[in-house]
Trainee: 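One structure follows; several queries about it will come next.
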2 protein chains.
Amino acid sequence: MPDSDTALTIGQVAERTGLSVHTLRFYEREGILTHPVRRDGGGRRLYTEHDVDWLTVCVILRASGMPLPAIRRYTELVTAGAGNEAERLTLMRQHRERVTNQIAQLTRSLDLINYKVGVYEDILGA
Amino acid sequence: MPDSDTALTIGQVAERTGLSVHTLRFYEREGILTHPVRRDGGGRRLYTEHDVDWLTVCVILRASGMPLPAIRRYTELVTAGAGNEAERLTLMRQHRERVTNQIAQLTRSLDLINYKVGVYEDILGA
DNA sequence: GCTTGACCTAGAGCCGACTCCAGGTCATAC
DNA sequence: GTATGACCTGGAGTCGGCTCTAGGTCAAGC
């Protein structure tokens with residue numbers, strides 16, 4: 001059972017999060033990690049399970065269209081610790097609205113797409 | 001009642017489709033129109049209601065994430081006329097799958113977002 | 001002792017989809 | 001006759017989000 005002491009290489013984290021090693025380094029530069037990554041003697045990154053959990057959250061936020069600056073801001077708030085929950089809530093609510101709007105828009109688009117699929121199926125089925 | 005003879009300027013089309021005049025010219029260069037736009041004596045574009053209808057379809061396809069090359073291909077098929085419905089169907093089905101996957105992904109992301117919103121609401125409400 | 005492979009940095013490059021710019025034409029309003 | 005404003009072209013610039021390159025370190029296996 002992996003506990004929070006487990007040290008993971010960047011390659012292992014890439015595999016677990018689905019991000020490339022390039023993207024992991026890029027996210028770090030962009031301030032998308034709650035604390036600087038530990039390094040081994042040779043300067044190599046050592047990630048924890050905690051980092052993987054955080055990155056997994058970030059992956060989900062990205063996948064739902066949250067821009068990197070917003071994720072960075074959220075990261076900053078989490079890093080700063082308790083006391084800023086109001087802003088975190090605002091951020092999440094804003095994002096929730098974007099996402100629900102996006103789902104609504106996609107669902108509407110689906111009507112047209114289904115209609116077109118139906119038209120072509122009819123033509124080909126006749 | 002606007003019929004198919006109505007001539008619209010690029011500005012009017014921009015207003016109706018929600019695209020900018022820049023984007024309309026760009027789409028034309030990209031082959032996103034079923035036929036070359038008519039021009040008046042001074043070389044200005046004259047669109048028809050038919051063009052607006054087509055562009056409206058394109059806007060919906062774009063909004064649901066269809067890449068411009070796919071829209072161009074679809075345009076080519078429609079321009080070529082009857083006989084290629086099988087490929088049009090394939091294109092639309094592929095896109096439908098992308099869209100339904102995207103909706104599913106967004107809906108899953110929404111679980112996390114709602115969870116986070118709930119956490120912060122609890123903290124702030126207590 | 002040398003090859004291999006995973007890692008490091010700083011910085012350049014790429015891609016999609018616009019978006020804007022410079023410099024010009026033309027019709028209408030004053 | 002001139003100013004305004006909508007339009008034209010070709011081409012450059014922007015932006016977000018990666019993605020890759022060059023050149024290097026280091027540990028383990030043979």
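Nothing here was measured: the structure is a model prediction, and the numbers come from that model. Chain naming here is simple, since letters A, B, ... match the order of the sequence lines and numbering starts at 1 in each.
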Trainee: Between B:Pro67 and A:Gly11, who's closer to the 5' end of DNA chain C by nearest nucleotide?
Mentor: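 The residue mapped nearer the 5' terminus is A:Gly11.
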Trainee: Taking the basic N atoms (NZ, or NE/NH1/NH2) and the acidic carboxylate oxygens, is any pair closer than 4.0 Å for B:Glu121 and B:Lys116?
Mentor: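 Here B:Glu121 does not pair with B:Lys116 in a salt bridge, since their nearest N and O are not under 4.0 Å apart.
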Trainee: Going by an N to O cut-off under 4.0 Å, is there a salt bridge joining A:Glu28 and A:Arg72?
Mentor: no
Trainee: Which residue, A:Arg44 or A:Arg29, contacts DNA chain D at a nucleotide closer to its 5' end, judged by nearest heavy atom?
Mentor: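 It is A:Arg29, whose closest nucleotide lies nearer the 5' terminus.
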Trainee: Counting side-chain heavy atoms from CB outward, which of D:dC18, C:dC7, C:dC18 is closest to B:Leu68?
Mentor: C:dC18
Trainee: Without decimals, in angstroms, what is the distance between B:Met66 CE and C:dG16 P?
Mentor: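 About 16 Å, once rounded to whole Å.
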Trainee: Name the residue closer to the 5' end of DNA chain D, choosing between A:Gly41 and A:Ser20 according to the nucleotide with the nearest heavy atom.
Mentor: A:Ser20
Trainee: Are any of A:Arg39's side-chain N or O atoms less than 4.0 Å away from OP1 or OP2 of D:dT25?
Mentor: no
Trainee: Starting from P on D:dG17, measure out to CZ on A:Arg72 and report it in whole angstrom.
Mentor: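 That distance rounds to 10 Å.
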Trainee: Think B:Thr9 has a side-chain N or O under 4.0 angstrom from the OP1 or OP2 of D:dA6?
Mentor: no
Trainee: Whole angstrom is fine here: how far is it from OH in A:Tyr27 over to P in D:dG16?
Mentor: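 Value for this atom pair: 14 Å.
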Trainee: Check B:Arg16 with B:Glu49, please: is the shortest side-chain N to carboxylate O separation under 4.0 Å?
Mentor: yes
Trainee: I'd like to know whether the aromatic ring centres of B:Trp54 and B:Tyr74 sit less than 6.0 Å apart in this structure.
Mentor: yes
Trainee: Students often get this wrong, so: under 4.0 angstrom with heavy atoms, is A:Arg25 touching a base, only sugar-phosphate, or nothing?
Mentor: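 Base contact.
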Trainee: Could you give the NE2-to-C1' distance, from A:His22 to C:dA6, as a whole number of Å?
Mentor: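 For the pair A:His22 NE2 and C:dA6 C1', the rounded distance is 12 Å.
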Trainee: Without decimals, in angstroms, what is the distance between B:Phe26 CZ and D:dG11 P?
Mentor: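 It works out to 15 Å between those atoms.
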Trainee: Expressed in angstrom and rounded to an integer, what is the separation of A:Glu28 atom CD from C:dG11 atom P?
Mentor: 16 Å
Trainee: Go through the steps to decide whether B:His35 and B:Thr79 satisfy the test side chain to side chain donor-acceptor pair (under 3.5 Å), and finish with yes or no.
Mentor: CA-CA 7 Å; B:His35 35 71; B:Thr79 305; over 6 Å; no
Trainee: Without decimals, in angstroms, what is the distance between B:Leu46 CG and D:dC7 P?
Mentor: 11 Å
Trainee: When the distance from CZ of B:Arg45 to C1' of C:dT25 is rounded to whole Å, what number comes out?
Mentor: 14 Å
Trainee: Is A:Arg62 close enough to D:dG17 that one of its side-chain N or O atoms is under 4.0 Å from OP1 or OP2 there?
Mentor: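 Looking at the OP1 and OP2 atoms of D:dG17, one of them is under 4.0 Å from a side-chain N or O of A:Arg62.
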